[in-house]
Protein chains: 2
Amino acid sequence: MLAQLSLRDCPHVESVSACGQCSARAISVCGALNEAGLDRLAAIAETLTLPADATLAYEGDPADHLFNITSGVVRVSKLLPDGRRQIVGFLFAGDFLGMAAGEVYPFSAEAVEPVTVCRFKRSAYRTLLAEVPSLEAALLDRASHDLQAAQEHMLLLGRKSASERLASFLLDVAARGEGGVRKGGEFSLPMSRSEIGDYLGLTIETVSRTLTKLKSAGVITLPTARSARVEDPERLRRLAGGREA
Amino acid sequence: MLAQLSLRDCPHVESVSACGQCSARAISVCGALNEAGLDRLAAIAETLTLPADATLAYEGDPADHLFNITSGVVRVSKLLPDGRRQIVGFLFAGDFLGMAAGEVYPFSAEAVEPVTVCRFKRSAYRTLLAEVPSLEAALLDRASHDLQAAQEHMLLLGRKSASERLASFLLDVAARGEGGVRKGGEFSLPMSRSEIGDYLGLTIETVSRTLTKLKSAGVITLPTARSARVEDPERLRRLAGGREA
DNA sequence: CGAAATTTTGAACCGTTTCAACGGACGTGG
DNA sequence: CCACGTCCGTTGAAACGGTTCAAAATTTCG
């Protein structure tokens, strides 16, 4: 959803899986790179496999690297001095991390579940960027897309009720799964209640209670604590109060 | 602060005022355009002068134009079907509007006070972008910067108390004024309490009460309802609970 | 199977909102 | 020049949604 760039809704998505060992090819971003560029990119990339809760980037550290998520889910978060946390986005396979960083990372990024990522040296990436102008156009597009997502999330955080937040969130996650949002569509919630709460600006108790309420209302079911099923897509959309409501 | 790109903290800021009639030159963005590019840009630009509350862009309308604010303040907002509003950012002289839009504007943009803007046709802008690769690099930088600001604001909306929100907001606005944040520094608040509330995710009453509380605490004074003075920068920063606290 | 972690549920509490009224600034018109 | 109406900001009191604190239920994992 956000912090950076996403390949997810790119018409050339197959490029994500096109690369076996590492997702260097993924950063070609919808064909912005030719073969030579791709090879150069692969040369500066390395694949990492990380366990749950591993840190990819720590808020305030020098932003030396740039990541592309190959599999798993990553949380991007910011902390207040007293420990309050706001998760500004979840990253899924195909998403980029670290584009928006300056000298230091303005956020932390950690694995929600075991992940594999493709890591690039920022310095090398900059050089490549300068050499391949078409890459920038693609990245600018994605940055704009992420900014839009961020604005949508500000609307959620600033103005929506707990039920509306959960409905919006479930819709987002469901839309990501295969088949999108449809009656009976089941999808996994890889993140904990605490992570959902910190993403939606709520406490774990409110998240739990609100999910229970949605379930009681027949809008969703919760096969397990870490998965959900949409039972009434129309009502869920109306509850979310979003885009087309 | 946000929706799009800003020239404000650009090392070449003088380029903003360098252009008399219209701010076409401003979009040169820190020297990304040569003279020829500048002329091409000026050709597709027009200057508009608008009264307070005039609409620059309406959420859902085709995103035909792109703006550069020459003077005044613009609010960028999103609405929920029932009328609840979230202002996702204020734009000041030098800021860009509309970069992050796709086919349609994902937000509305209105003048907070009388403004002058420089308007570009989006189609012509796209052509220019394709022809001048260096422009994209500069715009990508700014988009990243805006994304960071958006993430900071999500932290505010999701996790900060009313006092912390107001303190953060005052610090932001004060930092924009000449001299930045310093004891005795006075600055104007061109936006209404309602606009501040919709930006901070609060009601006008809470904004008013909280400002009064900050005043009583000796942290700020309010020379008029639309201006403020920082009396205790250190305490204000601590209250904001931000970056270095 | 048992310990630890996560999720759910309950009850009291609290910060912010809501509803209501008042005060002051501004602009229009008498 | 002052009376009047409107808009905006402030203040007060009550209500409410979500938080906090506490504990039980469930799941996870060694």
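Being a predicted model, the structure only gives us computed values, none of them experimental. Letters A, B, ... are given to chains in the order of the sequence lines, protein chains preceding strands, and every chain is numbered from 1. The figures here come from the full heavy-atom set of this structure, side chains too, leaving out hydrogens, waters and symmetry mates.
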Testing the basics here: between [X] and [Y], what is the closest heavy-atom pair and its distance to 0.1 Å?
X         : Y         : result
Gly201(B) : Leu157(B) : N-CD2, 3.8 Å
Ala143(B) : Ala143(A) : CB-CB, 3.9 Å
Ser194(B) : Arg85(B)  : OG-NH2, 3.5 Å
Arg229(A) : Gly184(A) : NH1-O, 3.5 Å

**Segment of DNA chain D, first to last nucleotide, that comes within the 4.0 Å heavy-atom reach of chain A** = dG18(D) to dC21(D)
**Asked** Can you check whether Arg226(A) has a side-chain N or O nearer than 4.0 Å to OP1 or OP2 of dT6(C)?
**Response** no
**Prompt:** Looking at Ser208(A), does any N or O in its side chain come under 4.0 Å of the phosphate oxygens OP1/OP2 on dT9(C)?
**Reply:** no
**Candidate pair Thr221(A) and Lys215(A), rule side-chain hydrogen bond (donor to acceptor under 3.5 Å, both in side chains), full reasoning** = CA-CA 5 Å; Thr221(A) 47; Lys215(A) 191 178 70 175; over 6 Å; no
Spacing between [X] atom [atom1] and [N] atom [atom2], to the nearest angstrom:
X         : N       : atom1 : atom2 : result
Leu166(B) : dT16(C) : CG    : C1'   : 13 Å
Lys160(B) : dT16(C) : NZ    : P     : 14 Å
Leu189(A) : dT6(C)  : CG    : P     : 16 Å
Leu222(B) : dG24(C) : CG    : P     : 16 Å
Arg159(B) : dT16(C) : CZ    : P     : 14 Å
Glu205(A) : dT8(C)  : CD    : P     : 11 Å
Ile204(B) : dC19(C) : CD1   : P     : 12 Å
Asp53(A)  : dA5(C)  : CG    : P     : 13 Å

**Request:** Apply salt bridge (charged side-chain N to carboxylate O under 4.0 Å, His left out) to Arg159(B) and Asp198(A), showing your working.
**Result:** CA-CA 8 Å; Arg159(B) 290 302 181 208; Asp198(A) 284 349; 2.7 Å; yes
By the 4.0 Å heavy-atom rule, please label [X] as base, sugar-phosphate, or nothing.
X         : value
Thr224(A) : nothing
Gly201(A) : sugar-phosphate
Ser192(B) : sugar-phosphate

**Message:** Please determine whether side-chain hydrogen bond (donor to acceptor under 3.5 Å, both in side chains) holds for the pair Lys78(A) and Ser108(A), giving the CA-CA distance in whole Å, both sets of side-chain angles, and the decisive distance to 0.1 Å.
**Reply:** CA-CA 6 Å; Lys78(A) 290 177 71 74; Ser108(A) 294; over 6 Å; no
**Asked** Heavy atoms, side chains only, cut-off 4.5 Å: are Leu156(A) and Leu200(A) in contact?
**Response** yes
**Fill in**
Nearest-nucleotide check on DNA chain C, Ala162(B) vs Val207(A); residue mapping nearer the 5' end is Val207(A)
**Request:** Would you state whether a donor and an acceptor, one from the side chain of Arg209(B) and one from the base of dT18(C), lie under 3.5 Å apart?
**Result:** yes
**Among Phe90(B), Phe169(B), Tyr199(B), the one residue meeting ring pair (Phe, Tyr, Trp, His ring centres under 6.0 Å) with His153(B)** = Tyr199(B)
**Message:** Return whichever of Thr206(B) or Ser163(A) has its heavy-atom-nearest nucleotide of DNA chain D closer to the 5' end.
**Reply:** Thr206(B)
**Request:** Considering only NZ, NE, NH1 and NH2 on the basic side and carboxylate oxygens on the acidic side, decide whether Arg237(A) and Asp232(A) come within less than 4.0 Å.
**Result:** no
**Request:** Tell me which nucleotide among dT16(C), dT7(C), dG10(C) gets nearest to the side chain of Leu202(B).
**Result:** dT16(C)
**Asked** the helix from dC1(C)-dG30(D) to dG30(C)-dC1(D): angle between its terminal axes, five pairs each, to 10°?
**Response** 40°
